[in-house]
Amino acid sequence: ADREDAQVQQMEMIDEVLNRLQQESITVELFVEDRQDKYEQMFFDIAENPLKMRKGIKIRFNHEDPLDYMLMKMLSQHPLLNKHVDEEQDRVAGSSLYLLPLSAVQTLAKGSMAGVGGFSGMAADSWTKSVDDMEARFEEYLDALVEAFPKLRAFTEGEGDAPLLRQTSLLGSATMLRYLAMAFGELRNDGKSAREISAHFRRLEPHMLAPITKDSIWQEYLPNVFPLAAKAGSSRNQDLVAAASMIVEWFDEAPEELD
């Protein structure tokens with residue numbers, strides 16, 4: 001009897017599925033588009049609303065945003081980025097051979113343009129007058145990193161080791177690079193030259209060792225942003241501003257540790 005009851009229940013379930021297939025329907029729309037920029041933009045526009053799409057994918061496929069267009073161009077042009085950026089994942093860590101995710105590169109570009117205040121304090125298009133302007137500013141920032149920090153320069157020479165950098169240097173953290181980007185943008189917008197800023201960054205190079213110790217300059221001046229034993233600073237908004245502002249302040253009033 002139990003077997004018969006189970007068979008009856010199974011048949012009823014099958015009947016229910018068949019009825020749904022007969023009564024319900026969905027609409028499938030097919031678009032034929034052979035131009036890459038157009039079908040990638042279509043994918044972006046569709047996924048932007050109903051789906052949670054990774055930021056890196058959105059940047060790659062969004063051809064209408066001049067900032068994102070510039071970033072994709074720079075990925076293949078600048079040696080610090082070329083082959084060192086994960087274009088799909090929004091986070092790199094551990095044994096990943098990539099230096100940065102694409103989403104972080106976008107954040108660095110914004111910081112290098114807008115400075116400490118960020119685009120929240122100014123309309124993005126009030127600075128980004130052209131793709132060429134954005135590219136020039138971001139290239140200046142990347143060049144400053146390469147000139148100031150030998151461990152980053154190694155990536156441009158095919159000798160970079162991203163997993164080791166994350167374990168031994170604050171420069172392996174996208175957050176530290178973001179502090180530097182915001183400080184660069186702030187100083188550059190204040191009239192300082194890219195060469196002057198690069199020289200300022202060079203003074204910070206001896207203080208990039210990780211993890212943070214009690215003798216670290218970051219622990220001394222920003223203990224809430226750089227806790228002991230951390231390999232990166234805090235990425236909270238107020239801490240981003242605090243760290244970037246401190247680097248800007250040190251440009252004219254450097255502590256004795258930087259002399």
Verify the neighbour count for atom CZ of Arg203: are there more than 12 heavy atoms of other residues, nucleotides or ligands below 6.0 Å?
yes
Contacts of [X] that satisfy ring pair (Phe, Tyr, Trp, His ring centres under 6.0 Å) - sequence neighbours left out:
X	answer
Phe138	none
His84	Phe155
Phe251	His200

Out of curiosity, does [Y] fall in the hydrophobic cluster containing [X] (side-chain heavy atoms, cut-off under 4.5 Å, transitive links)?
X	Y	value
Val241	Ile247	yes
Leu145	Leu164	no
Val131	Met72	yes

Partner set under side chain to side chain contact (heavy atoms under 4.5 Å, CB included) for [X], not counting sequence neighbours:
X	result
Pro255	Ile217, Tyr221, Trp250, Glu257, Leu258
Thr156	Pro79, Leu80, Val146, Arg153
Asn224	none
Glu253	Glu249

Okay, side chain of [X], backbone of [Y]: is any donor-acceptor separation there less than 3.5 Å?
X	Y	value
Arg202	Phe149	no
Glu135	Met74	no
Gln89	Asp86	no
Ser76	Lys73	yes

When rounded to the nearest 0.5 angstrom, what distance separates CZ in Phe184 from CE in Met113?
11.0 Å
For the residue pair Gln106 and Asp68, confirm or rule out a side-chain donor-acceptor distance under 3.5 Å.
yes
Identify, with sequence neighbours excluded, every residue that meets salt bridge (charged side-chain N to carboxylate O under 4.0 Å, His left out) alongside Asp239.
Arg236
Under a side-chain separation threshold of 4.5 Å, the hydrophobic residues clustered together with Val92 are Tyr98
Is the shortest side-chain heavy-atom distance between Asn189 and Arg137 below 4.5 Å?
yes
Is there a side-chain contact between Thr107 and Leu177 in this structure, where contact means two heavy atoms from C-beta onward sitting under 4.5 Å apart?
no
Side chain to side chain donor-acceptor pair (under 3.5 Å) partners of Glu147, counting only residues at least two apart
Ser198
Could you name each residue pair satisfying side-chain hydrogen bond (donor to acceptor under 3.5 Å, both in side chains) that touches residues 157-179, not counting sequence neighbours?
Gln167-Lys231
Applying side-chain hydrogen bond (donor to acceptor under 3.5 Å, both in side chains), which residue pairs with at least one partner in residues 206-218 are found, sequence neighbours left out?
none
